[in-house]
Amino acid sequence: MSFEIRKVGVIGAGQMGKGIAHVCALAGYDVAINDVTTDRIEAGVTDIGVQMRKSAERGFLAADAVEAALPHISGAPAIQDFRDCDIVIEAATENEEIKRRILTDVALVVKPEGIIASNTSSISITRLASITGRPERFIGIHFMNPVPRMQLVELIRGIATDDATFEEAKRFCTKLGKTVTVAEDFPAFIVNRILLPMINEAIYTLYEGVGSVEAIDTAMKLGANHPMGPLQLADFIGLDTCLSVMQVLHEGLADTKYRPCPLLVKYVEAGWLGKKTQRGFYDYRSGTPTPTR
Ligand SMILES: CC(=O)CC(=O)SCCNC(=O)CCNC(=O)[C@H](O)C(C)(C)COP(=O)(O)OP(=O)(O)OC[C@H]1O[C@@H](n2cnc3c(N)ncnc32)[C@H](O)[C@@H]1OP(=O)(O)O
Ligand SMILES: NC(=O)C1=CN([C@@H]2O[C@H](COP(=O)(O)OP(=O)(O)OC[C@H]3O[C@@H](n4cnc5c(N)ncnc54)[C@H](OP(=O)(O)O)[C@@H]3O)[C@@H](O)[C@H]2O)C=CC1
């Protein structure tokens, strides 16, 4: 029996869920997007339109492609709305308990041949797969932020992911215009195993007073040709997500070199999660990012 993905479900209308819905709609898929409240879903759908039109103004997209894509996106207030989806991609908060609850519910409604995927940045795909009762149809599809601009997707097989699921997920990502790299199911996979300790080290560099926020970011932008400084990038990713990834690395690899910087913990405890809450290593509230240290 040939399996074809036509409709995509996305859980989480945060920065990643919106980006995933954006690229799926542009590739011609129907997309249903869910979040905790209808307000958040509606705001998410609006944001996707704004972002697509902004991309068209900047010349990344043709205006008619935007108008063709937007009607493909609809809100899915209930998990039951995913009944007719061929693939459901979970992109909710990086918290294993939240993901477990979502995946338990999703597995009850997605058709038996449907694929369930997680966009987790760090959590074991094998462990997430095990709670769905269909681990062979479960896979990690790890998009990068901002999804419409970043070329890479990491594919991560759990121990039970079957070959057909892997090949179908790979075809899907290729149709989205992405380049796929394969990572084994180890904490934080490839990109974040390397990137997040670098960001954590930048926060230690700040914590120990080696440099200010501005000095550290300027040093890495101009001294290492990074498109964003590590603290700007941390704010962009979300400090809660950065902390969760470091915790998964620390616990999963049991090595003190992954200890999350206490300053990162403090920012998250303050609710200063970066750009998404308007305050992190920079304060964005005035419109011009201002270092907070
Ligand atoms: C944590 C994980 O699990 C894995 C990860 O994703 S790690 C993060 C990986 N991503 C990176 O490393 C990104 C590094 N940064 C870059 O490559 C570049 O700075 C960039 C591509 C993000 C922006 O490139 P640019 O051409 O300099 O900027 P520009 O096009 O003006 O975009 C800047 C703005 O749009 C955002 N952005 C750009 N295109 C976007 C899009 N299509 N959709 C959503 N946001 C977009 C930027 O964050 C920024 O937002 P505001 O305008 O709202 O302030
Ligand atoms: N940020 C990044 O750079 C990257 C993140 N990822 C991963 O993608 C996932 C999402 O990250 P990101 O988009 O940045 O996070 P955000 O915080 O921007 O968005 C997460 C969204 O999920 C929602 N959510 C929480 N619980 C539920 C639920 N039970 N059902 C439906 N929606 C829910 C949140 O709602 P509320 O705010 O109301 O709780 C929020 O809108 C994470 O697993 C993260 O690790 C992967 C690659 C890059």
Side-chain angles (χ1 to χ4, degrees), residues 9-23 26 33-41 43-44 47-61 66 76-79 82 88-106 117-123 128 140-154 156 183 188-196 198-199 217 220-221 225-230 232-248 271 273-277 282 284 287-289:
V10 177
I11 302 173
Q15 48 187 347
M16 294 307 290
K18 287 185 284 192
I20 294 166
H22 175 135
V23 295
L26 280 173
I33 185 162
N34 166 272
D35 203 294
V36 278
T37 64
T38 31
D39 284 356
R40 251 196 194 280
I41 296 170
D47 286 351
I48 297 168
V50 168
Q51 194 57 57
M52 272 195 199
R53 292 194 174 104
K54 211 158 125 185
S55 298
E57 280 159 24
R58 289 174 175 167
F60 290 115
L61 285 177
V66 173
I79 291 289
F82 290 136
V88 174
I89 304 170
E90 174 279 313
T93 310
E94 186 74 351
N95 172 304
E96 186 161 343
E97 204 34 58
I98 290 176
K99 290 188 187 298
R100 290 177 80 89
R101 269 189 264 126
I102 291 172
L103 292 170
T104 303
D105 293 345
V106 167
S118 176
N119 183 52
T120 176
S121 295
S122 60
I123 299 166
L128 293 177
I141 305 184
H142 183 212
F143 291 87
M144 303 296 138
N145 187 17
V147 182
R149 292 286 295 276
M150 302 299 281
Q151 191 57 47
L152 188 79
V153 172
E154 284 183 304
I156 308 105
F189 322 123
I190 296 174
V191 171
N192 288 335
R193 170 80 177 258
I194 299 167
L195 185 65
L196 264 297
M198 190 272 287
I199 288 175
D217 276 351
M220 293 307 287
K221 276 196 285 191
N225 262 4
H226 288 196
M228 288 175 165
Q232 183 191 6
L233 182 56
D235 273 2
F236 182 66
I237 290 169
L239 302 189
D240 53 340
T241 302
C242 292
L243 178 59
S244 295
V245 173
M246 288 312 300
Q247 285 166 335
V248 168
L273 306 183
K275 229 178 149 187
K276 65 184 169 187
T277 59
Y282 294 85
Y284 301 87
T288 308

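Both ligands and their constituent atoms are indexed starting at 1 by order of listing. All values derive from a computational prediction rather than experimental measurement.
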Between Ile102 and Ala92, what is the shortest heavy-atom contact and its length? CD1-CB, 3.5 Å

For ligand 1, is there an atom lying under 4.0 Å from some heavy atom of Ser55? yes

Is the contact between His142 and ligand 1 made by the side chain, the backbone, both, or neither, using heavy atoms and a 4.0 Å cut-off? side chain

Heavy-atom distance under 4.5 Å between the side chains of Thr38 and Pro77, does that happen here? yes

Report the part of Met144 (side chain from C-beta onward, or backbone N, CA, C, O) that has a heavy atom under 4.0 Å from ligand 1; answer both or neither where that applies. both

Checking Ala56 now: which residues fulfil side-chain contact (heavy atoms from CB on, under 4.5 Å) with it, not counting sequence neighbours? Leu61, Val66

Expected output: side-chain Asp35 to main-chain Arg40 donor-acceptor under 3.5 Å: no

Check whether any side-chain heavy atom of Ile156 lies under 4.5 Å from a side-chain heavy atom of His142, and answer yes or no. yes

Results of salt bridge (Lys or Arg N to Asp or Glu O under 4.0 Å) for Lys99 - residues two or more places apart only: Glu90, Glu94

Heavy atoms only: which of Pro146, Ser122, Ala234 lies closest to atom 45 (N) of ligand 1? Pro146

Pocket residues around ligand 2 (non-hydrogen, under 4.0 Å) come out as Ile11, Gly12, Gly14, Gln15, Met16, Asn34, Asp35, Val36, Arg40, Ala91, Ala92, Thr93, Glu94, Ile98, Lys99, Ile102, Asn119, Thr120, Ser121, His142, Phe143, Asn145, Ile237, Thr241, Lys276

For ligand 1, does Lys54 get within less than 4.0 Å through its side chain, its backbone, both, or neither, judged by non-hydrogen atoms? side chain

Can you confirm whether some protein heavy atom lies under 4.0 Å from atom 20 (C) of ligand 1, or whether none does? no

Ligand 1-proximal atoms of Ile237, by part, heavy-atom distance under 4.0 Å: side chain

Are the side chain of Asn145 and the backbone of Gln15 linked by a donor-acceptor contact shorter than 3.5 Å? no

Quick check: closest heavy atoms across Gly287 and Pro289, and the distance to 0.1 Å? O-CD, 3.7 Å

Can you name the residues that form a salt bridge (Lys or Arg N to Asp or Glu O under 4.0 Å) with Lys276, not counting sequence neighbours? Asp240

Going by the atom numbers of ligand 1, which of them fall below 4.0 Å from some non-hydrogen atom of Met228? 14 (C), 15 (N), 19 (O), 22 (C)

Flag: protein heavy atom within less than 4.0 Å of atom 2 (C) of ligand 1: yes

Below 4.0 angstrom from a heavy atom of Leu195, which ligand 1 atoms are there? Numbered from 1 as shown, please. 7 (S)

Donor-acceptor pair, side chain of Thr93 and main chain of Asn95, under 3.5 angstrom: no

Does Leu233 approach ligand 1 within less than 4.0 angstrom via side chain, backbone, both or neither, non-hydrogen atoms only? side chain

Selected option - heavy-atom contact closest to atom 30 (O) of ligand 1, from Glu94, Gln15, Lys275, Arg149: Arg149

Of the listed options (Val191, Val50, Asn145), which comes nearest to atom 13 (C) of ligand 1 when hydrogens are ignored and any heavy atom counts? Asn145

Side chain, backbone, both or neither: which part of Val245 comes within less than 4.0 Å of ligand 1 when only heavy atoms are counted? neither

Would you kindly specify which portion of Lys221 sits under 4.0 Å from ligand 1, judged on non-hydrogen atoms: side chain, backbone, both or neither? neither

Establish whether atom 27 (O) of ligand 1 and some protein heavy atom are separated by less than 4.0 angstrom. no

Could you list the atoms of ligand 1 found under 4.0 angstrom from a heavy atom of Pro227? 14 (C), 15 (N), 16 (C), 17 (O)

How does Val147 reach ligand 1, by side chain, by backbone, by both or by neither, if only non-hydrogen atoms under 4.0 Å count? neither

With the side chain counted from C-beta on, respond yes when Met150 and Phe143 share a heavy-atom pair under 4.5 Å apart, and no when they do not. no

As an exercise, identify every atom of ligand 1 less than 4.0 angstrom from a heavy atom of Gln51. 40 (C), 41 (C), 42 (N), 43 (N), 44 (C), 45 (N), 46 (C)

